[in-house]
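Take a look at the structure set out below.
Throughout, a chain's letter reflects where its sequence line sits, starting with A, and its residues are numbered from 1. Keep in mind it's a predicted model, so treat the numbers as computed, not measured.
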Amino acid sequence: MAPEELAAIEAEDEGDDRTLPDLPNADDYEEVRMRAAPNPNGPWHIGHARMPAVIGTYKEIYDGSFVVRFDDTDPETKRPDLDAYDAILEDIDYLGFEPDEVIRASDRVETYYDHAREVIEMGGAYTCSCSGEAFSELKNDGEPCPHRDKDAETTREEFEAMVDGEYASGEMVLRVKTDIEHKNPALRDWVAFRMIDTPHPREEASDYRCWPMLDFQSGVDDHLTGVTHIIRGIDLQDSAKRQRFLYDYFGWEYPEVVHWGHVQVDAYDVKMSTSTIKAKIDAGELDGWDDPRAPTIKSLRRRGIRGSAIVDAMLELGTSTSDVDLSMTAIYSNNRDIVDDEAARYFLVREGERFAVEGGPEAGHPAIHPDHEDRGDRTVPAADGVVVEPDDVPAEGERVWLKGFGCVRREGDSLVHTDDSIEAVRSGDVDVIHWAPAEDNVSVRMRTMEGDVTGVAEPDFADADADEVVQFERLGFVRVDGQNGDESVVYWAHK
RNA sequence: GCUCUGGUGGUGUAGUCCGGCCAAUCAUAUCACCCUCUCACGGUGAUGACCAGGGUUCGAAUCCCUGCCGGAGCACCA
């Protein structure tokens with residue numbers, strides 16, 4: 001390849017990467033390292049794709065790395081789902097990224113305890129038995145609680161008692177001492193550890209009762225795993241500020257932070273929230289995480305949406321702090337680009353109306369792909385009658401062009417072959433429609449976001465393999481899911 | 001109430017730091033037309049935005065002020 005061509009291609013590649021803004025101060029670090037810190041309480045919804053899309057792409061741009069860290073430190077309120085760990089890793093893989101490391105916070109509890117002990121030694125934390133409400137009241141007035149000037153020795157003992165599980169849930173917490181008069185009430189003496197009676201679902205962690213809160217756990221882990229750039233939602237904006245107090249005690253330098261706004265996705269009736277989706281599945285309103293009506297990554301995958309179509313749409317959102325609406329049409333448009341050239345064409349007729357065919361050839365032979373003649377054509381038998389969609393049925397005496405077969409005129413319950421040439425179509429006099437044989441066709445169940453649609457496809461559709469994306473001409477793209485009894489099941493992707 | 005933070009076409013985004021090249025970029029969307037034995041793909045064109053009002057300036061999407069609207073945090077959730 002000529003050097004000019006090579007350069008042109010490289011320039012093009014760079015252009016593609018320019019969709020994301022530069023990371024702050026990336027040059028100050030030897031290697032850019034990021035992390036995704038999901039809570040494993042279920043498979044991912046579409047919004048979750050943003051994290052791997054963005055940090056995975058930054059990893060490519062900066063030749064950096066990222067770690068997936070499961071922040072599973074709440075066995076009760078955000079109880080981890082044991083299947084979700086792998087489900088999430090699968091979703092990341094499908095999106096086209098590979099983490100450099102995978103860790104679980106619940107494996108690292110001793111590390112958090114050790115760091116808590118260090119902070120206690122420094123006088124940077126105290127055990128507190130105030131009720132949440134009582135502390136909140138004092139805090140909002142900028143008043144310290146009576147436990148605040150406890151000596152380190154007492155705190156140490158009480159913290160060890162917490163670690164040993166000697167308190168019940170709600171009886172004792174460990175607070176990080178910040179500034180009780182800080183003008184932002186959200187930053188005042190936050191809770192670092194609390195007691196939880198419910199055992200962790202992972203057996204390896206089921207003996208722990210004293211669990212760190214996100215700000216402590218995440219703060220310690222980010223440092224220990226060498227994270228240079230934290231990317232996360234605006235809901236955690238104050239987290240960085242809280243964690244800085246901790247970093248100050250340890251003498252650590254806080255990573256660079258990028259906060260982005262929330263993502264809404266249009267086109268779904270179901271709210272994009274793991275708990276909502278889970279509730280609908282449990283209630284039987286959805287068939288599972290990959291139900292076409294569920295706004296999940298698994299659902300898009302089953303519908304034949306490629307991971308990179310989702311990733312590109314996410315990258316186009318950038319990382320602005322304002323909330324954004326992601327339009328599904330952006331994902332569909334990306335997917336169409338990927339899939340169109342490859343997808344074989346077939347006919348599917350919904351609610352077909354049957355007509356006899358008089359005259360003409362035995363069968364029609366439309367192309368498998370209009371842009372690739374070398375891929376051959378299909379055989380759609382016509383002699384034993386055909387079905388067409390109600391909207392396509394011509395009025396009595398009117399003509400219509402059965403694609404790949406020829407021109408016919410309606411005469412009662414028959415379609416009579418005419419000798420019109422393709423000029424009839426080119427001149428705009430006759431519409432081209434799709435059709436299927438009335439006999440020897442393939443029953444199809446098409447699962448869509450609005451519910452199931454049934455119909456019959458031409459016999460050659462039986463050649464389509466499971467997992468293949470095909471286009472039903474004039475309808476849209478679907479992914480072939482498999483056979484269910486004598487029905488072929490497909491999932492609707494998009495027009 | 002306190003504290004953060006944001007507002008560019010239907011949607012997303014570029015430009016905002018360092019005012020003029022911005023009568024505002026690109027994509028998507030919608031609508032036309034062309035191509036076509038698909039309403040796909042491709043091509044051409046059109047539609048459509050700087051939250052509002054003041055101020056500074058020769059000049060403001062960009063700087064300042066006020067207002068309006070939005071989002072987030074103030075959890076023993078993440």
Side-chain angles (χ1 to χ4, degrees), chain A residues 15 18-19 21 37-41 70-74 76-80 105 128-133 135-136 139-140 142 167 169-175 182-188 190-196 210-211 213-215 217-218 232-239 241-242 259 261-264 266 274 312-318 320-334 336-337 339-341 343 345 347 364-367 369-371 401-407 421-422 424-426 430-434 471-477 494-495:
Chain A
R18 286 288 176 268
T19 40
N39 180 316
N41 61 344
F70 290 104
D71 280 358
D72 54 350
T73 55
D74 182 358
E76 199 166 274
T77 319
K78 295 228 166 156
R79 189 171 175 79
C128 169
S129 55
C130 291
S131 71
E133 307 81 71
F135 185 85
S136 174
K139 179 204 68 182
N140 287 336
Y167 299 101
S169 167
E171 284 182 352
M172 189 67 81
V173 299
L174 183 76
R175 289 184 186 282
H182 193 101
K183 65 175 183 169
N184 184 347
L187 310 187
R188 299 171 188 166
W190 44 273
V191 173
F193 286 82
R194 83 298 207 186
M195 304 302 299
I196 295 177
C210 175
W211 287 96
M213 298 283 290
L214 170 108
D215 285 320
Q217 173 266 123
S218 177
R232 62 184 166 200
I234 39 167
D235 46 326
L236 263 18
Q237 264 177 141
D238 288 340
S239 241
K241 292 168 187 162
R242 276 195 283 262
H259 291 286
H262 295 283
V263 184
Q264 295 279 332
D266 65 0
T274 306
D312 289 347
M314 289 297 171
L315 297 182
E316 282 157 20
L317 296 182
S320 84
T321 53
S322 43
D323 291 354
V324 293
D325 293 330
L326 171 63
S327 172
M328 283 306 292
T329 58
I331 293 178
Y332 297 155
S333 170
N334 291 340
R336 205 157 29 228
D337 270 356
V339 139
D340 181 68
D341 192 60
R345 269 57 174 170
F347 291 152
H365 296 283
H369 192 113
D371 301 335
W401 188 283
L402 300 180
K403 184 167 181 182
F405 176 79
C407 193
S421 76
I422 193 63
V425 170
R426 293 197 177 131
V430 174
D431 290 332
V432 176
I433 65 166
H434 61 285
Q471 187 202 48
F472 284 138
E473 294 197 66
R474 301 211 304 142
L475 302 181
F477 295 88
H494 48 73
K495 283 192 86 169

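Contacts of A/C130 with the nucleic acid, taken as non-hydrogen atoms under 4.0 Å apart, include base atoms. Counting any heavy atom pair closer than 4.0 Å across all strands shown, A/F135 reaches no nucleic acid atom. Note on A/G261: nothing from the nucleic acid sits closer than 4.0 angstrom, heavy atoms only. Within 4.0 Å of A/H262, counting heavy atoms only, lie sugar-phosphate atoms of the nucleic acid but no base atom. Nucleic acid contact class of A/L475 (heavy atoms, under 4.0 Å, all strands): none. Here A/V191 lies in heavy-atom contact (under 4.0 Å) with sugar-phosphate atoms only. Nucleic acid contact class of A/T73 (heavy atoms, under 4.0 Å, all strands): sugar-phosphate only.
Evaluation of atom-type donor-acceptor distances gives a pair under 3.5 Å for the side chain of A/Q471 against the base of B/U38. In terms of polar N and O atoms assigned as donor or acceptor, the side chain of A/K78 comes within less than 3.5 Å of the base of B/C77 in a complementary pairing.
A donor-acceptor distance shorter than 3.5 angstrom exists from the side chain of A/D323 to the backbone of A/H262, with no hydrogens or angles considered. A/R194 contributes no side-chain N or O that, together with a main-chain N or O of A/V173, makes up a donor-acceptor pair within less than 3.5 Å. In this structure a side-chain-to-backbone donor-acceptor pair under 3.5 Å is present from A/N334 to A/A330. With hydrogens and angles ignored, the 3.5 Å screen pairs a side-chain donor or acceptor of A/H259 with a backbone N or O of A/G233.
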Kindly give the atom pairs (protein nitrogen or oxygen, nucleotide nitrogen or oxygen) under 3.5 Å for nucleotides 2-6 of chain B.
{"from": "B/C2", "atom 1": "O2'", "to": "A/K183", "atom 2": "O", "distance (Å)": "3.2"}
{"from": "B/U3", "atom 1": "O2'", "to": "A/N184", "atom 2": "ND2", "distance (Å)": "2.7"}
{"from": "B/C4", "atom 1": "OP1", "to": "A/K183", "atom 2": "NZ", "distance (Å)": "3.0"}
{"from": "B/C4", "atom 1": "O2'", "to": "A/K241", "atom 2": "NZ", "distance (Å)": "3.2"}

Close N/O contacts between protein and nucleotides 31-35 of chain B (under 3.5 Å):
none

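In this structure B/A72 sits in a base pair with B/U3, meeting the Watson-Crick or G-U test at under 3.5 Å. Pairing partner, B/G19: none, since no Watson-Crick or wobble contact has both distances short of 3.5 Å. Remark: B/G42 base-pairs with B/C34; criterion is Watson-Crick or G-U wobble with both hydrogen-bond distances under 3.5 Å. Nucleotide B/C63 has B/G55 as its partner under the Watson-Crick or G-U criteria, with both atom distances under 3.5 Å. Base pairing of B/A14 is not made with any nucleotide, judged by Watson-Crick or G-U wobble geometry with both donor-acceptor distances under 3.5 Å.
With A/R345 as the fixed residue, the side-chain hydrogen bond (donor to acceptor under 3.5 Å, both in side chains) test singles out one of A/H434, A/H369, A/E473: A/H369.
If you take CD1 on A/I196 and CG on A/D74, they are separated by 4.5 Å, rounding to the nearest 0.5 Å.
For A/M213 and B/C74, the CE to C1' distance is 13 Å, given to the nearest whole Å.
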